[in-house]
Number of protein chains: 2
Amino acid sequence: MVWRALFRGFIQVHILHHAREHPVYGSWLIDELARHGYTLSPGTLYPILHRMEEDGLLSSTHQVIDGKRRRYYTITSAGEQALKEARRQAIELAKEIVPAQDLGNCDTDTQEKQ
Amino acid sequence: MVWRALFRGFIQVHILHHAREHPVYGSWLIDELARHGYTLSPGTLYPILHRMEEDGLLSSTHQVIDGKRRRYYTITSAGEQALKEARRQAIELAKEIVPAQDLGNCDTDTQEKQ
DNA sequence: TATATTAATATCGATTGTCGATATCGATTT
DNA sequence: AAATCGATATCGACAATCGATATTAATATA
């Protein structure tokens with residue numbers, strides 16, 4: 001699709017969100033993001049994780065679980081900051097482009113027609 | 001900021017949104033986006049507009065208004081499709097990463113603590 | 001009718017990011 | 001020790017980003 005480019009940032013926000021809830025690793029993220037409608041190959045995801053770590057948004061450690069060697073990523077405080085900012089912008093974006101009722105607003109007086 | 005990269009797609013979604021409401025031109029968009037917290041230079045914006053037109057999301061015409069030669073962009077039907085998809089994803093994203101009450105949800109039973 | 005001014009748009013080149021395909025790694029099983 | 005398997009890393013071609021700078025065309029001024 002032409003509009004893949006629109007969602008590159010969304011992917012990183014999702015990653016930060018998950019990494020805030022619990023440590024995450026690459027191939028789990030691939031599955032999880034696919035569940036959200038973002039299909040991306042390892043060759044796309046791993047460089048993104050590397051850069052996000054390099055930028056100080058994530059930190060990682062090696063672990064062996066069930067005999068599988070994984071690199072678990074956790075959010076850093078800089079990452080939390082970025083996620084906070086992303087939340088602000090996501091609210092902004094959603095409120096601007098999405099009709100109020102689609103966001104779960106039940107104050108029918110303030111609904112806007114489009 | 002390190003997290004500029006997270007919002008590249010947001011910018012394009014905003015552009016589609018505005019271009020759906022009325023024809024828009026470059027330097028107006030620069031001001032409008034700045035109002036939303038996205039500062040970007042002409043050298044960043046114009047290539048984005050060119051690509052979006054090339055991709056068939058926008059179409060443009062020259063017009064002279066108040067003695068100013070402007071290129072007005074309008075959304076195409078492919079652009080509407082992309083915006084529709086962006087709405088879906090923006091809702092998804094917002095609902096996942098943002099506490100419900102921050103989106104205007106007044107169903108207090110389903111509020112989630114974080 | 002030249003020239004200065006101005007808002008708007010376009011281009012440039014260096015850097016960085018994306019992507020699918022392929023390679024590698026290391027723990028476990030056979 | 002060879003094969004398997006899940007997971008991670010790398011590669012190279014291509015595309016996008018960015019600030020700085022140049023160009024454009026309409027108007028105002030001389």
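Convention: sequence-line order gives letters A, B, ...; per-chain numbering from 1. Quick caveat, the model's predicted, so the values are computed rather than measured.
- In this model, the phosphate group of C/dT6 is not approached by any side-chain N or O of B/R69 to a distance below 4.0 Å at OP1 or OP2.
- Summarising the geometry, the separation between CG on B/D55 and C1' on D/dA15 is reported as 11 Å, rounded to the nearest angstrom.
- Note on ring orientation: taking the six-membered ring where Trp is involved, the planes of B/F10 and B/F7 are perpendicular (angle over 60°, cut-offs 30° and 60°).
- Look at B/E85 and B/R88 and you find a salt bridge, because one of the NZ, NE, NH1 or NH2 atoms lies within 4.0 Å of a carboxylate O, short of that distance.
- When rounded to the nearest whole Å, the span between NE2 of B/H62 and P of D/dT24 equals 12 Å.
- For B/R87 (side chain) and A/I97 (main-chain N/O), a donor-acceptor pair under 3.5 Å exists by modelled atom type.
- Here the side chain of A/S59 pairs no donor or acceptor atom with the backbone of A/T76 at under 3.5 angstrom.
- The side chain of B/Y46 contributes no N or O atom lying less than 4.0 Å from OP1 or OP2 of C/dA10.
- Counting all heavy atoms, side chain and backbone alike, B/Y73 lies closest to B/H50 at OH-CD2, 3.7 Å.
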Which pairs, protein N/O on one side and nucleotides 17-23 of chain D N/O on the other, fall under 3.5 Å?
from   : atom 1 : to    : atom 2 : distance (Å)
D/dT17 : OP2    : B/R51 : NH2    : 2.6
D/dC18 : OP1    : B/R4  : NH2    : 3.4
D/dG19 : OP2    : B/S41 : OG     : 3.0
D/dG19 : N7     : B/S41 : OG     : 3.4
D/dG19 : O6     : B/G43 : O      : 3.3
D/dA20 : N6     : B/G43 : N      : 3.4

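- One atom, CG of B/L29, and another, P of C/dA10, lie 13 Å apart when rounded to the nearest Å.
- Here the P atom of nucleotide D/dT8 and the CG atom of A/D31 are 11 Å apart, to the nearest Å.
- What separates CZ of B/F7 from P of C/dG17 is a distance of 16 Å, to the nearest Å.
- Residue B/R70 places at least one side-chain N or O under 4.0 Å from the OP1 or OP2 atom of C/dA8.
- Taking both residues in full, the closest heavy atoms of A/L83 and A/R20 are given as CD2-CD, 3.6 Å, listed atom of the first, atom of the second, then distance.
- Tracing side-chain contacts under 4.5 Å through hydrophobic residues (I, L, V, M, F, W, Y), one reaches A/I30 starting from A/I65; they form part of the same cluster.
- Atom pair B/I65:CD1 and C/dA8:C1' shows a separation of 13 Å (rounding to whole Å applied).
- Taking only side-chain atoms of A/R71, from C-beta outward, the nucleotide of D/dA9, D/dA26, C/dT9 with the closest atom is D/dA9.
- The distance between atom CG of A/L33 and atom P of C/dT18, rounded to the nearest whole Å, is 13 Å.
- Nucleotide D/dT10 holds its C1' atom 15 Å from the CG atom of A/L49, rounded to whole Å.
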